[in-house]
There are 2 protein chains.
Amino acid sequence: MQGREREVGNFEILPTRCARCGLQELCLLCSMALQSGSQAEETIYSCRELKRAARLYRSGDAFNSIYFVRRGFFKTLKRRGDGRAQVTGFFMSGELLGMDGIAPNIYTCDAVALQDSEACVFSYVRLAEFSRRNESVQRQFHKAMGSEIERVQGLVALLGTRRAEERIALFLLNLSQRFAARGYSPSEFVLPMTRDDIGSYLGLTIETVSRMLAMFQGAGLIRVESRHIQIRDSAGLRQTAGWTHSTK
Amino acid sequence: MQGREREVGNFEILPTRCARCGLQELCLLCSMALQSGSQAEETIYSCRELKRAARLYRSGDAFNSIYFVRRGFFKTLKRRGDGRAQVTGFFMSGELLGMDGIAPNIYTCDAVALQDSEACVFSYVRLAEFSRRNESVQRQFHKAMGSEIERVQGLVALLGTRRAEERIALFLLNLSQRFAARGYSPSEFVLPMTRDDIGSYLGLTIETVSRMLAMFQGAGLIRVESRHIQIRDSAGLRQTAGWTHSTK
DNA sequence: CGCGCCTTTGAAGGAGCTCAATTTAGGTGG
DNA sequence: CCACCTAAATTGAGCTCCTTCAAAGGCGCG
């Protein structure tokens, strides 16, 4: 509740940068900036650029920040005792990263850039502070955490009940939809991740991923050319996925 | 921020009931009661008793509450378009339920009592309100959501990388640990869920669950008698689980 | 242009599923 | 308290989907 000092250094930066971002409607920070009026005194903003394969955070790092993907593509992976690791998610622009660190207060995943990327950094402490003062920010933050719960539960359902064919189909449809929501083509896109990443994410081997994609191509559902994917029969793909809404 | 009217009807009930609960250190509500001092004017408490097989909430219900398991045992399950369903979690006393509803504002799972149970009902709105006024309640609530994320991510890792044998071993060790944390025997307990539930949760068939338990018994790791489980060689069981800490 | 990594494709094997038949347990009413 | 009935659990046999192992091809990048 105590007044926080105005940080003049950031005063200009915040609205300028956010104005150019194009993701206002998704962004917690922008919502905060709006809520706090033109003064924007509660700057909790900073930004990180990452080259492909760079890590945004690592398992074991102290949890201080939630990250907002401004540009690019990330994967998160959970390391296991024995060198093996499991990809637990793919994150594109407008999505939030780092919530795996909230409870244990250290991150328990690695977040790795799959392309050259840019992420906004939210101080968790200030985010919490702000959401105590502002109901709509609080609600938005809760929703972000809730969405992460939803997302992972959807993955559990996929891993628990779907066959390889369905998993791949659902994966493609999910990507397609997320691309579409960002104004890109839903029917033609480039996979930023390797077959290995996909396999790990879906609980399949790289060979199975490859074979299923080949099979889909053979059936005329898609066209594959290395990482370039074209969806030619999205209805057929949805059917292959087992119907049930394709939105997961 | 506006002052909420004191609700005299609940005035006495809260501290009395909570005092008898024995789960104070786990309970958001108690923490709130403590924080608000002896007045306890912010009663957001109510309690529901459920018979076995009764539903605490259903998929599609409006999201209003987070539930705290005071006594008994619950499972949550996600329905799929085609009658099939997947168990997404088991919850015992001291654990929170209902966070699947936060983002979509309706529940997306069913929560079913596996035994006669009792759950405290937290109004989400009042919880949010309270956590705006009180930093430690806020932190605790965030941690609860974070733990749920962690839990489900652990399940993803299990479903994505573990063999049947390991899944069952990890499942038993996880239960054992949670029973131990509640003062019950870690080496002898009764499973409140069916083999079907276990199979669904672990992405296995009922037959595989049954066979693995029989196998463990044959190896002298456990004793099984219907739902009664006795762990005879927890080190061996941990080894079967693939080491990696057994805490997941 | 050559090296490493990613990907594809094939063939064989196995872990877990499906189908089917019994046995057992738990709840109910006589 | 026992008999009954239904749901839950066990066990077996065969099969299948996916993995494992192996080898070759392709792409990107220094």
Side-chain angles (χ1 to χ4, degrees), chain A residues 51-53 73 75 84-87 112 114-116 158-172 190-219 222-229 240-242, chain B residues 51-54 73 75 84-87 112-116 158-172 190-219 222-229 240-242:
Chain A
K51 291 280 173 204
R52 192 167 69 78
F73 222 108
K75 69 177 171 185
R84 298 184 58 184
Q86 157 107 3
V87 173
V112 184
L114 292 170
Q115 313 172 332
D116 295 354
L158 180 144
L159 292 169
T161 65
R162 302 294 191 160
R163 304 156 10 96
E165 197 182 47
E166 299 175 302
R167 295 185 196 186
I168 305 280
L170 286 166
F171 174 72
L172 292 176
V190 174
L191 299 173
M193 69 292 281
T194 67
R195 302 283 194 270
D196 229 339
D197 289 332
I198 300 173
S200 172
Y201 179 64
L202 298 176
L204 301 170
T205 60
I206 184 175
E207 294 95 331
T208 302
V209 174
S210 190
R211 271 187 259 269
M212 290 297 148
L213 290 176
M215 197 186 83
F216 288 174
Q217 177 160 248
I222 63 174
R223 244 180 75 72
V224 193
E225 201 177 325
S226 73
R227 304 240 182 136
H228 187 101
I229 299 283
T240 305
Chain B
K51 291 280 176 203
R52 192 167 68 78
F73 223 107
K75 69 177 171 185
R84 299 183 58 184
Q86 157 108 4
V87 173
V112 184
L114 292 170
Q115 312 172 333
D116 295 354
L158 180 144
L159 292 170
T161 66
R162 302 294 191 161
R163 301 155 12 95
E165 197 182 48
E166 300 176 301
R167 295 185 197 185
I168 304 280
L170 285 166
F171 174 73
L172 292 176
V190 174
L191 298 173
M193 71 290 283
T194 67
R195 301 284 193 270
D196 232 338
D197 290 331
I198 300 173
S200 172
Y201 179 64
L202 298 176
L204 301 170
T205 59
I206 184 176
E207 293 94 333
T208 302
V209 174
S210 190
R211 272 186 260 269
M212 290 297 148
L213 291 176
M215 197 186 83
F216 288 173
Q217 177 160 250
I222 62 175
R223 245 180 74 72
V224 192
E225 202 178 325
S226 74
R227 303 237 183 140
H228 187 102
I229 299 283
T240 305

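Note that the coordinates shown come from a computational prediction; the quantities given were computed from them, not determined experimentally. Residue numbering restarts at 1 for every chain, and letters A, B, ... go by the order of the sequence lines.
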Out of A/Leu204, A/Leu172, A/Ile168, which residue meets the side-chain contact (heavy atoms from CB on, under 4.5 Å) rule with A/Met212?
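When A/Leu204, A/Leu172, A/Ile168 are each tested with A/Met212, the side-chain contact (heavy atoms from CB on, under 4.5 Å) holds only for A/Ile168.
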Any idea which heavy atoms bring A/Phe216 and A/Glu165 closest together, and the distance?
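Reported closest heavy-atom pair: CZ-O, 3.4 Å.
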Shortest non-hydrogen contact from A/Ala164 toward A/Thr208:
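Where A/Ala164 meets A/Thr208 most closely, the heavy atoms are CB-CG2, 3.8 Å.
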Estimated bend of the helix from C/dC1-D/dG30 to C/dG30-D/dC1 (axis per five terminal pairs, rounded to 10 degrees)
50°
Separation of [X] atom [atom1] from [N] atom [atom2], in whole Å?
{"X": "B/Arg195", "N": "C/dA25", "atom1": "CZ", "atom2": "P", "value": "11 Å"}
{"X": "B/Ile168", "N": "C/dG16", "atom1": "CD1", "atom2": "C1'", "value": "12 Å"}
{"X": "A/Glu166", "N": "C/dC17", "atom1": "CD", "atom2": "C1'", "value": "15 Å"}
{"X": "B/Leu202", "N": "C/dA15", "atom1": "CG", "atom2": "C1'", "value": "16 Å"}
{"X": "B/Met215", "N": "D/dG12", "atom1": "CE", "atom2": "C1'", "value": "17 Å"}
{"X": "B/His228", "N": "D/dA9", "atom1": "NE2", "atom2": "P", "value": "15 Å"}
{"X": "A/Met193", "N": "C/dT7", "atom1": "CE", "atom2": "C1'", "value": "16 Å"}
{"X": "A/Gln217", "N": "C/dT9", "atom1": "CD", "atom2": "C1'", "value": "14 Å"}

Out of C/dT7, D/dT10, C/dT8, whichever nucleotide has its closest atom nearest the side chain of A/Ser210
C/dT8
Answer yes or no: is there a donor N or O on one side and an acceptor on the other, between the side chain of B/Asp116 and the main chain of B/Lys51, under 3.5 Å?
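The answer is no, because no donor-acceptor pair under 3.5 Å joins these two groups.
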Generate the contact string for nucleotides 14-30 of chain D. Rules: B means base contact, S means sugar-phosphate contact only, - means no protein heavy atom under 4.0 Å.
---SSBBB---------
Sugar-phosphate only, base, or nothing, as touched by A/Arg227 at under 4.0 Å among non-hydrogen atoms
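Sugar-phosphate: the residue A/Arg227, judged by heavy atoms under 4.0 Å, touches backbone atoms but no base.
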Any side-chain heavy atom of [X] sitting closer than 4.5 Å to one from [Y]?
{"X": "A/Arg195", "Y": "A/Leu213", "result": "yes"}
{"X": "B/Val224", "Y": "B/Ile229", "result": "yes"}
{"X": "A/Arg167", "Y": "A/Leu159", "result": "yes"}

Could you tell me whether the side chains of B/Asp197 and B/Thr194 share a donor-acceptor contact shorter than 3.5 Å?
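Distance-only check passes for B/Asp197 and B/Thr194.
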In a check of side-chain hydrogen bond (donor to acceptor under 3.5 Å, both in side chains) between A/Glu225 and each of A/Arg227, A/His228, A/Arg223, which one passes?
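Option passing the side-chain hydrogen bond (donor to acceptor under 3.5 Å, both in side chains) with A/Glu225: A/Arg223.
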